[in-house]
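Written below as structure tokens is the structure these notes are about.
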2 protein chains.
Amino acid sequence: MAETKKSNLQLVAAKAGVSVSSVSRVLNGGSASEELARKVREAADELGYVPHASARTMRTGRTDQITLAVADVGNPVYVQMMRTVTGIVAKAGYRLVVSSTGADPQSQIDLVTSLNRGYADGLLMSPLRITEDLVEAMRSSRLPIVVIGTLPADVALDNVRADSATGIGLAVEHLVAQGRRRIALVNGPVDTVPGSARLAGYLSAIERFGLATSAELQVTASAFTYKAGRKATAALLGQASPDAIIGANDLLGVAALKELAAAGRRVPGDVAVVGMDDTDAAELATPSLTSVDLGSAKRAKAAAKLLIRRIADPGAPVSRIVIPPALSVRESTGGQA
Amino acid sequence: MAETKKSNLQLVAAKAGVSVSSVSRVLNGGSASEELARKVREAADELGYVPHASARTMRTGRTDQITLAVADVGNPVYVQMMRTVTGIVAKAGYRLVVSSTGADPQSQIDLVTSLNRGYADGLLMSPLRITEDLVEAMRSSRLPIVVIGTLPADVALDNVRADSATGIGLAVEHLVAQGRRRIALVNGPVDTVPGSARLAGYLSAIERFGLATSAELQVTASAFTYKAGRKATAALLGQASPDAIIGANDLLGVAALKELAAAGRRVPGDVAVVGMDDTDAAELATPSLTSVDLGSAKRAKAAAKLLIRRIADPGAPVSRIVIPPALSVRESTGGQA
DNA sequence: CTGTTAGCGCGTTCAA
DNA sequence: TTGAACGCGCTAACAG
């Protein structure tokens with residue numbers, strides 16, 4: 001069996017009685033005679049030779065790695081993205097490494113900086129909060145970056161975004177069709193990209209359908225998490241009597257579901273609930289959660305392809321892709337299981 | 001603002017009018033005069049200098065990276081581990097990269113091999129299936145590895161394991177105390193590490209408490225996932241009438257919950273349900289899911305510390321740590337919300 | 001088809 | 001305190 005001791009091209013070359021460049025050629029698919037190739041492979045095998053990634057990177061400038069940066073590995077929407085991206089990048093010959101930055105913009109800036117040290121050939125990132133500094137860091141990065149999520153219009157970076165506004169419109173339309181009038185929003189922090197987009201979408205949809213809203217019908221969770229959602233929904237129920245609740249993501253939607261149950265309200269009888277992202281969490285919830293599919297899998301796929309193209313062709317024109325939303329109706333708004 | 005163009009020590013040195021070694025020293029905290037340090041920092045800042053990771057790695061042999069390999073990023077137990085580990089390794093000066101291997105042993109072997117190329121200073125892995133080849137690959141790896149999960153007794157690798165058998169014993173004891181007699185098991189694949197451990201634990205606990213079981217009371221899902229769990233539970237309900245179901249993880253437990261609801265059985269009235277791992281999914285389920293806490297956070301923490309120690313001291317004796325289980329009682333077995 | 005050699009960027013000797 | 005020079009392991013010119 002291979003020993004996997006410290007070994008290098010020189011040792012292999014010595015053992016095989018050939019030159020280092022011949023070893024390199026054989027191992028990288030260059031042309032060589034049968035005889036030489038055999039000797040090289042034999043020696044390499046016997047020594048358990050594994051090439052040194054850093055040395056290769058230093059020479060070639062490539063790492064064959066792509067980094068996916070997400071704010072919270074616990075958010076099922078990122079899980080979907082990871083699953084999708086893994087396949088795409090692997091097919092293109094890259095290994096995917098996942099990096100969990102927090103919600104903090106500074107740690108995201110640190111990540112961009114850090115990747116400029118040459119840890120990866122490209123970065124897929126879905127920033128929760130976009131600050132001037134982060135934009136500046138991404139802009140001045142020498143590493144190709146594709147942003148998943150909305151970006152200021154003047155930033156010339158490839159990006160793939162969802163259409164939250166239309167998505168929330170779908171949810172409101174669906175709720176209105178069922179006679180709901182007092183539609184509440186359990187949002188995440190409004191200083192985040194999705195938080196602000198979803199609030200704007202909600203307000204615009206409410207107006208478009210001629211409904212009324214109020215400060216009491218809008219609550220903001222401290223984070224896009226289940227726990228924060230429970231708290232926010234509890235506050236909501238203490239100050240208003242909605243007949244429908246839209247959670248700004250599935251975790252917040254599930255939290256609303258649970259809080260309503262704890263408060264003895266029936267879903268969808270008394271209150272209908274809609275989540276966003278259409279993740280596994282929506283399917284697992286009881287009652288199952290109607291959710292706005294913001295195309296996270298499609299977004300991830302498109303972003304990965306964009307990044308791969310950008311790495312291959314740094315001069316390509318900047319692409320902006322918008323993925324249209326869809327509604328997955330489930331039990332929490334009267335749909336079938 | 002820093003330009004983050006391609007730059008290196010030489011360019012910085014030239015700009016500052018000093019030698020490269022002086023720049024290196026200043027930037028790495030060596031001794032230097034105030035004046036020189038100032039000039040160096042200024043030049044570095046102006047050029048947006050970022051050190052080249054591969055070059056540094058090649059010189060020092062360190063990457064300051066630790067890899068966590070998990071089988072399925074969608075499994076909430078791994079999410080818990082990622083969260084825990086991120087903090088620990090960061091505090092020790094390492095960056096964490098997460099790698100999602102599939103359940104396939106070969107891809108895990110590939111990962112070990114690949115990391116021997118020098119992508120990381122250490123590996124935390126939680127193998128789903130352990131084969132001879134994987135053991136051999138880990139054993140002959142020159143990279144420090146800590147295994148989270150049970151390992152054959154003769155493998156001299158640091159490892160931190162749960163005590164599934166005792167854990168299932170806790171669940172069975174709890175169910176028996178509530179008068180349940182026909183306790184079913186919805187297991188994951190038995191050729192996996194947790195699958196076989198949990199089956200053995202189940203059989204031993206059933207016997208210890210003087211209960212009966214049968215082939216009909218034991219079903220095996222094709223994977224530790226929600227979808228597979230639904231299918232397996234449906235099969236179970238078609239062939240037996242359990243008054244309690246133990247899911248081999250929380251996803252399988254939630255699946256049982258949902259399938260029971262679909263079949264019109266009440267939980268815990270007709271059937272009590274217990275999951276394993278005590279993840280967020282147990283809390284989010286309706287009714288909330290009683291779950292055996294196998295100490296995933298503690299295991300991850302212990303493993304990370306072990307790995308960091310091992311990297312610092314490769315000659316340290318091999319450690320084996322067992323984390324004791326606990327039971328989190330929730331609604332699905334009659335506990336409070 | 002094969003071997004020799006330069007140099008990627010860095011940290012670290014050793015001298016001055 | 002500072003600078004010059006070497007070499008980590010590899011790939012890609014270039015030479016033969």
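Here the structure is a predicted model, which means the values were calculated and not measured. Only this structure's heavy atoms are used, side chains among them; waters, hydrogens and symmetry mates stay out. Below, chains carry the letters A, B, ... as their sequence lines are ordered, and counting in each starts from 1.
Side chain of A:Arg56 to backbone of A:Thr63: no donor-acceptor contact under 3.5 angstrom is found. B:Ser319 contributes no side-chain N or O that, together with a main-chain N or O of B:Asp158, makes up a donor-acceptor pair within less than 3.5 Å. Side-chain N or O atoms of A:Gln65 include one that pairs as donor or acceptor with a backbone N or O of A:Tyr119 at under 3.5 Å.
Among the candidates B:Leu151, B:Ile130, B:Val147, the single residue satisfying the side chain to side chain contact (heavy atoms under 4.5 Å, CB included) test with B:Val193 is B:Ile130.
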Can you list the steps and then say if B:Arg38 with B:Glu35 is a salt bridge (Lys or Arg N to Asp or Glu O under 4.0 Å)? CA-CA 5 Å; B:Arg38 194 189 50 72; B:Glu35 171 63 5; 3.4 Å; yes
Run the side-chain contact (heavy atoms from CB on, under 4.5 Å) test on A:Asp121 and A:Asp64 for me, step by step, so that the C-alpha distance in whole Å, both residues' side-chain angles and the decisive distance to 0.1 Å come before the verdict. CA-CA 6 Å; A:Asp121 295 340; A:Asp64 297 327; 4.2 Å; yes
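With 3.5 Å as the limit, one finds no donor-acceptor pair spanning the side chains of B:Ser126 and B:Arg299.
Residues of residues 12-19 of chain B having a heavy atom closer than 4.0 Å to DNA chain D, listed by number: B:Val18, B:Ser19.
Between the axis at the start and the axis at the end of the helix from C:dC1-D:dG16 to C:dA16-D:dT1 there is an angle of 40°, using five pairs per end and rounding to 10 degrees.
Listed by chain and residue number, nothing satisfies the salt bridge (Lys or Arg N to Asp or Glu O under 4.0 Å) test with A:Arg95 (two or more places apart in sequence, or in another chain).
Residues B:Leu128 and B:Pro194 meet the side-chain proximity criterion, which asks for heavy atoms closer than 4.5 Å. Looking at heavy atoms from C-beta onward, B:Tyr49 lies out of side-chain contact with B:Val23 at the 4.5 angstrom threshold. Counting heavy atoms from C-beta outward, A:Ile321 and A:Ile323 have side chains that approach closer than 4.5 Å.
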Heavy-atom contacts, protein to nucleotides 8-16 of chain C, under 4.0 Å, summarised as B (base), S (sugar-phosphate only) or - (none) per nt, yield BBBBB----
Return all side-chain donor-acceptor pairs below 3.5 angstrom for residues 74-82 of chain B, not counting sequence neighbours, or 'none' if the list is empty.
residue	atom	partner	partner atom	Å
B:Asn75	OD1	B:Val77	N	3.0
B:Gln80	OE1	B:Ser296	OG	2.3
B:Gln80	NE2	B:Asp278	O	3.1

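Bracketed by its first and final contacts, the part of DNA chain D lying under 4.0 Å from non-hydrogen atoms of chain A reaches from D:dG9 to D:dA12 in 5' to 3' order.
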